[in-house]
Colleague: 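Quick one: the structure is below, questions incoming.
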Amino acid sequence: MVIVLKKDISQSEKENVKSVLTNRSFKLNEVKGEESTILAAVGRLAMDVREVEVLPGVEKVIPISKPYKMASREFKPENTIVEIPNNRGQIIRVGGSRLVSIAGPCAVESREQMMEAAAAVAASGAVMLRGGAYKPRTSPYSFQGLGEEGLKYLKEAGDKYGLPVVTEVVASEYLPVMEANGVDVYQVGARNMQNFELLKRLGALGKPVILKRGLSATIEEWLMSAEYLLSSGTDKVILCERGIRTYEKATRNTLDLSAIPVLRSMTHLPIIVDPSHALGVRDKIPPMALASVAAGADGIIVEVHCHPEQALSDAAQALYPQQFDKIMRDMEALAPVMGKEVAHIRSENKSEPSEKKVEEKSEHKGKARCAFSGKKGAYAEMASEHFFEGKADVIAVDSFDEIFQSVVDGRAEYGMVPIENSTAGSVYNNYDNLTRYEDVSIVGAITLRVEHSLLAVKGATLETIKNVYSHPQAFSQSSNFLNQHKWNLVDAVSTATGAEIVAEKGSVENAAICNARNAAIYGLEVLKEGVENIHNNYTRFVVIAANHVVQANKVQLGTKPNMASFVFSTKNEAGALYNALGIFKKAGLSLNRLESRPIAGKPWSYWFYGDAVLNGNEENPQEYVDSVMNQLRAVAENVRLLGVYSEVK
Ligand code: PEP
Ligand code: MN
């Protein structure tokens with residue numbers, strides 16, 4: 001059974017609950033969650049749940065009927081996300097909205113082979129490196145792995161590219177040497193899935209584990225093995241479907257993709273798929289890798305070798321790097337269909353010269369970077385300069401999505417994201433990005449006045465102009481002025497792009513509608529200022545940053561937070577939103593914006609985005625908002641605090 005403890009339970013009450021249960025021969029496991037502390041009590045003795053429910057400090061008791069307890073959904077309704085840090089201050093999360101790819105050779109064969117393989121898989125987008133140092137081979141005469149030497153090559157190669165390493169543990173006696181050599185994720189192979197003594201020792205280590213499905217294991221047996229790991233002390237278990245033995249001989253094993261949706265309802269644990277060992281033939285692997293993603297897997301683990309013909313084990317199933325690269329490109333295209341993103345390793349802080357933007361050169365070393373969408377001279381660039389007051393360099397990217405991607409990849413510490421315009425309304429794309437990118441937070445905000453001017457080259461007058469270049473939004477915001485002339489309006493990607501085009505053409509026949517600051521940037525003259533229809537036209541930008549990232553170049557932001565932003569959904573029932581809003585009334589927190597957006601893949605369900613103004617009297621604004629969010633969790637679903645931050649007005 002699972003015992004949910006009250007938030008204010010005293011230490012002596014907790015001890016009492018524990019002793020009542022241990023006296024009845026229950027084995028206890030305490031799990032401290034974000035919202036509550038729970039005790040998982042596993043035992044053979046039947047006990048009336050009411051006997052526990054009445055104990056002081058107990059909130060509720062959930063009896064669990066399944067043989068696997070801690071692995072079950074009943075025990076933990078929300079998905080587990082296993083977090084694996086790398087050496088670039090980033091945390092790779094398996095089980096969230098990111099798809100992970102783990103790749104590398106079957107076995108570590110030499111230092112050169114590992115370095116070459118790591119370079120190839122990292123370049124294609126793998127986020128972890130695999131390679132067996134201890135190989136459980138069917139024949140005792142086959143290559144058995146390099147042992148500790150292999151662990152060293154694996155780790156060195158992983159470290160070079162920021163990839164945590166995954167390797168198989170075949171016996172518990174190897175755990176100390178594996179730990180000493182920095183193994184990040186311990187793989188339990190199919191043949192050892194039911195080696196319970198190994199599982200117990202490994203679980204006690206508390207490290208992330210990939211538990212492969214046994215060659216002929218049922219899903220329930222597999223979950224019982226996960227239970228061994230969980231009940232021995234680790235909460236970081238990733239299940240891996242790798243094919244089961246059937247009568248079919250055309251493939252090495254039969255990939256049981258139906259296990260993914262079946263497991264989803266049974267367990268909260270993340271699920272990845274190894275199509276390499278399932279298919280056994282390289283050309284058959286890519287379609288099944290993609291099918292795994294389509295079936296809802298959290299990621300894939302595949303074997304890649306730069307010279308498969310020389311591979312010492314599993315040569316026939318080793319993918320060529322080009323094949324892996326194609327899988328990764330296809331996965332990028334497929335991910336959004338599944339409501340997910342592909343995880344990436346953040347680039348090293350010293351921003352490699354291969355980065356495509358000119359601004360991203362070594363001058364950024366040691367200084368924070370803020371990504372904005374558009375060109376030099378864009379309003380977002382202006383917002384970044386005002387917000388950071390020179391403490392961050394700006395990086396121009398091509399789209400709103402790329403701002404988010406740059407921040408999670410570590411190409412920029414911050415992103416400047418337009419969220420609402422006072423005349424054009426909400427920027428829906430960015431509201432959606434805030435939920436799609438679950439690992440970013442809002443760390444600041446700034447509102448900027450939008451003032452458009454008409455710019456042209458020296459010598460141009462209103463009479464010489466024939467074509468005007470700008471973003472369609474700026475045309476509509478300046479329509480009263482434009483309607484007085486018979487000019488040809490040409491759409492540009494951004495207002496600053498319009499200015500750039502006009503400068504390039506160099507003719508008195510062209511003009512641009514954009515901010516006056518572009519005149520200095522592109523060598524143009526201001527022909528007329530304030531051409532916008534409504535002069536109090538404002539855009540609100542939020543500043544985003546990645547969570548779980550140790551920021552080397554952090555900027556001290558704002559003084560005392562004055563805003564909080566959050567998102568939640570509600571059940572589709574009468575009064576659900578009313579109840580959620582009641583929490584803010586009770587807490588005396590003033591909501592100044594509530595925006596709803598459809599939830600992707602769930603017709604007629606909505607995200608509600610809210611902004612609340614803090615009154616400045618809160619002793620500790622973060623703690624105060626956290627407590628309001630906890631109250632909200634009792635009446636709403638999927639509550640996520642986007643940030644408590646200071647807004648520059
Ligand atoms: C491996 O990953 O190299 C391996 C031996 O896998 P499995 O245990 O699934 O056969
Ligand atoms: Mn293998």
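Counting convention: from 1, in listed order, for ligands and their atoms alike. Everything numeric here is computed off the predicted structure, so don't read it as measured data.
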Colleague: Protein residues near ligand 1, heavy-atom distance below 4.0 Å?
Modeller: Cys106, Arg130, Lys135, Glu168, Gln187, Gly189, Ala190, Arg191, Lys212, Arg242, His277, Glu303
Colleague: Do NZ/NE/NH1/NH2 and the carboxylate oxygens of Arg98 and Asp298 come within less than 4.0 Å?
Modeller: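 Salt bridge absent between Arg98 and Asp298.
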Colleague: Whether Lys236 and Glu83 form a salt bridge (side-chain N of Lys/Arg under 4.0 Å from carboxylate O of Asp/Glu) is what I want to check.
Modeller: no
Colleague: Name the residue from Asn195, Leu175, Asn192 that meets the side-chain contact (heavy atoms from CB on, under 4.5 Å) definition with Leu202.
Modeller: Leu175
Colleague: If the threshold is 4.0 Å, N to carboxylate O, is there a salt bridge linking Asp314 and Arg252?
Modeller: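 Arg252 and Asp314: salt-bridged.
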Colleague: Under 4.0 Å between a side-chain nitrogen and a carboxylate oxygen: does that hold for Lys69 and Glu227?
Modeller: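 Looking at Lys69 and Glu227, the cut-off is not met.
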Colleague: Can you see whether Lys76 engages Thr80 through a side-chain donor-acceptor pair at a distance of less than 3.5 angstrom?
Modeller: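 Short answer, yes.
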Colleague: Answer yes when Glu402 and Arg411 have at least one side-chain N-carboxylate O distance shorter than 4.0 Å, and no when they do not.
Modeller: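 Counted as a salt bridge, because a side-chain N and a carboxylate O are separated by less than 4.0 Å.
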Colleague: With a 4.0 Å cut-off, would you call Glu179 and Lys207 a salt bridge?
Modeller: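 Looking at Lys207 together with Glu179, the answer is yes, because their closest N to O distance falls below 4.0 Å.
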Colleague: Determine the interplanar angle of the Phe75 and His268 rings, folded into 0 to 90°, and report it as parallel if under 30°, tilted if 30 to 60°, perpendicular if over 60°.
Modeller: tilted
Colleague: Below 2.8 Å, which protein N, O or S atoms neighbour the Mn ion (ligand 2), ignoring water?
Modeller: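 Counting only protein N, O or S atoms under 2.8 Å from the Mn ion (ligand 2), the list reads Cys106 SG, His277 NE2, Glu303 OE2, Asp314 OD2.
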